[in-house]
Amino acid sequence: MLLQHCQQILAKQPANRMLALDALRGLAILAMILVNNPGSWQYVYPPLLHAEWHGWTPTDLIFPAFLVMVGMAIPYSLAGRQLLPKAEQIRQGAIRALKLYLLGLFLVLFYYNFRDPNYSYLQQKLLTVRWSGVLQRIGIVYFCTLLIVLYSGTRGRILWLSGLCLLYFLLMQFVPYRDNYGHTFVGLWEHGNNLAAWLDHQLLGPNHVYFRSATPFAFDPEGILSTLPAIASCLSGVLMAQLLQSKAELAFKLRVLLLSGLAAVWIAELAHPALPINKMLWTPTFVLLSSGFTAVILALFLWLTEMKRYRLWTAPLLVFGVNAILFFMLAGVAARVLSMVPVAGTTLGNWLYRSAFQPLFGDYNGSLAYAICFLLLSYIGMLYCYRRGWIFKV
């Protein structure tokens, strides 16, 4: 029964899509939803949490992996639009980026605290809206990367990738900034005290970022300055796609992906004491680490699906991977509904965790079981869309 189910899913895979890329995208979005929806944030196993500041956990690698795959998709999509003028390609890219940004903004605004009779949606949501976020960053990074790809060749893209990381490092390390008391700082990489945080505080405002209580400067992990190295992450995906589009033998491509990925991880770890690996700041070492791991996993997926022809295992991942944005949106809406609906003095999601999952499985396992159950229910909905060919394209 399970075998037949997987075969049916693979049979519906569009012929023009790369199986390994869709499977890896599916794994990334699945992992993203898993870590975003525990039964209780008080009981989460450490690997499923972001690093508090410097350093990294497996969870920190999920979003940059998705950005790398956004970059990988660009050369493939441009290959089918070669006859279009650049101006038209830019127009289409700008519309897509705007849609992604607006979808992210919708998720930010899709919340109301029904349990608080004094809750003011205007004061506590609209007037303090967070301008940044996952989809917002994807949209901005995608459009900037598209422009670079359209107006530069391989050498130029490598220079852009390196230059963006170098520029970000030089700005963070050598540009001075001041707090409201006249104290001058330079070269700091601390939580709430670094050039990127200062810029977010000044331009976005302390009421419109994620870390509003950070001192001396409120900041956002998807903030303004860290967008520069995030574009570099996306460009690394462009270069991976170019490698896969080349006429070289598959075995050679896999060796390049594997060895370059391992080298990037190794260099990042060696440089960590001097330039810390930090997801919230998206440091250049974090670009190396996350892109390196993505390259290694992609090489593994390609080896399994293309060289060994082991493909059935990808079926559940394809259901999520070919419809990643729709999955992210529906999961985001569902999670917010669970956090809004009042039940027995708490939210519906918290009530389900405390009433069913925590008594059955305990604190941590119950929290994880809740997240897994959320995924399984999401899979049913996404499978329905997949079987009917409903692919949400931004």
Side-chain angles (χ1 to χ4, degrees), residues 26-66 104 106-119 121 124-125 128 130 132-135 191-192 209-214 218-222 278-280 316 320 324 327-382:
L27 177 63
I29 196 69
L30 180 154
M32 195 180 297
I33 302 305
L34 178 71
V35 301
N36 284 345
N37 295 280
S40 171
W41 285 106
Q42 291 181 313
Y43 304 110
V44 181
Y45 288 110
L48 301 179
L49 291 171
H50 290 290
E52 291 186 5
W53 192 235
H54 295 327
W56 62 279
T57 72
T59 297
D60 291 317
L61 304 178
I62 298 171
F63 183 31
F66 196 87
F106 167 78
L107 287 180
V108 171
L109 294 172
F110 186 76
Y111 177 81
Y112 191 92
N113 189 352
F114 291 101
R115 294 182 298 132
D116 184 0
N118 298 318
Y119 182 78
Y121 188 78
Q124 296 172 256
K125 183 56 68 174
T128 58
R130 181 190 173 200
S132 303
V134 171
L135 289 178
H191 189 280
V209 294
Y210 187 82
F211 291 105
R212 300 179 182 184
S213 60
F219 72 99
D220 201 290
E222 279 79 48
N278 189 303
K279 189 261 182 190
M280 295 185 196
F320 294 129
F327 178 36
F328 187 86
M329 288 299 299
L330 293 181
V333 169
R336 283 159 177 77
V337 169
L338 289 169
S339 69
M340 286 191 291
V341 175
V343 175
T346 184
T347 64
L348 176 58
N350 195 36
W351 177 81
L352 286 171
Y353 167 69
R354 291 182 179 180
S355 301
F357 293 94
Q358 193 176 35
L360 283 173
F361 303 105
D363 295 336
Y364 284 91
N365 288 336
S367 185
L368 179 58
Y370 177 97
I372 293 173
C373 186
F374 186 93
L375 266 181
L376 292 176
L377 291 174
S378 300
Y379 179 79
I380 295 172
M382 297 309 299

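Note: hydrogens, waters and symmetry copies are ignored here, and every other heavy atom, side chains too, is used.
When every heavy atom of Met382 is checked against every heavy atom of Leu330, the shortest pair comes out as SD-CD1, 4.2 Å. Between Lys125 and Val108 the shortest heavy-atom distance is NZ-O, 3.2 Å.
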List the atom pairs, with distances to 0.1 Å, where a side-chain N or O of residues 48-63 and a protein N or O form a donor-acceptor pair under 3.5 Å, not counting sequence neighbours.
from: His50; atom 1: ND1; to: Asp60; atom 2: OD1; distance (Å): 2.7
from: Trp53; atom 1: NE1; to: Trp189; atom 2: O; distance (Å): 2.9
from: His54; atom 1: ND1; to: Asn278; atom 2: ND2; distance (Å): 3.1
from: His54; atom 1: NE2; to: Trp189; atom 2: O; distance (Å): 3.4
from: Trp56; atom 1: NE1; to: Glu269; atom 2: OE2; distance (Å): 2.9
from: Thr57; atom 1: OG1; to: Leu49; atom 2: O; distance (Å): 2.6
from: Thr57; atom 1: OG1; to: Thr59; atom 2: N; distance (Å): 3.3
from: Thr59; atom 1: OG1; to: Pro47; atom 2: O; distance (Å): 2.7
from: Thr59; atom 1: OG1; to: Leu48; atom 2: O; distance (Å): 3.4
from: Asp60; atom 1: OD2; to: Ala51; atom 2: N; distance (Å): 3.1
from: Asp60; atom 1: OD2; to: Thr57; atom 2: N; distance (Å): 2.9

Side-chain polar contacts of residues 32-44 - donor-acceptor pairs under 3.5 angstrom, sequence neighbours left out - could you list them?
from: Asn36; atom 1: ND2; to: Met32; atom 2: O; distance (Å): 3.1
from: Asn37; atom 1: ND2; to: Ile33; atom 2: O; distance (Å): 2.8
from: Ser40; atom 1: OG; to: Gln42; atom 2: N; distance (Å): 3.2

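Here Phe110 pairs with Phe106, Val333, Arg336, Val337, Met340 under the side chain to side chain contact (heavy atoms under 4.5 Å, CB included) rule; sequence neighbours left out. For Tyr353, there are no ring pair (Phe, Tyr, Trp, His ring centres under 6.0 Å) partners at least two apart in sequence or on another chain. Applying the ring pair (Phe, Tyr, Trp, His ring centres under 6.0 Å) rule to Tyr210 yields no partners; only residues at least two apart in sequence or on another chain are considered. Applying the side chain to side chain contact (heavy atoms under 4.5 Å, CB included) rule to Ser355 yields the partners Trp351; only residues at least two apart in sequence or on another chain are considered. Under the side chain to side chain contact (heavy atoms under 4.5 Å, CB included) criterion, Ala214 pairs with His191, Phe211, Phe219, not counting sequence neighbours. In this view, Thr128 satisfies the side chain to side chain donor-acceptor pair (under 3.5 Å) rule with no residue, not counting sequence neighbours. Residues passing the side chain to side chain donor-acceptor pair (under 3.5 Å) test with Asp363 are Gln358, sequence neighbours excluded. Taking the side chain to side chain contact (heavy atoms under 4.5 Å, CB included) definition, one finds that Asn118 meets it with Asp116, sequence neighbours left out. Shown here are the side chain to side chain donor-acceptor pair (under 3.5 Å) partners of Thr346, two or more places apart in sequence or in another chain: Asn350.
The distance from atom CZ of Phe357 to atom CG of Leu352, rounded to the nearest 0.5 Å, is 6.5 Å. Rounding to the nearest 0.5 Å places CG of Leu107 at 6.0 Å from CZ of Phe328. The CZ atom of Phe320 sits 4.0 Å away from atom CZ of Phe327, with the distance rounded to the nearest 0.5 Å. Rounding to the nearest 0.5 Å places CZ of Arg115 at 6.0 Å from OG1 of Thr347.
A side chain to side chain donor-acceptor pair (under 3.5 Å) check over residues 365-378, counting only residues at least two apart or in different chains, returns the pairs Tyr45-Asn365.
With a 4.5 Å cut-off on side-chain heavy atoms, Leu338 and Phe374 count as touching.
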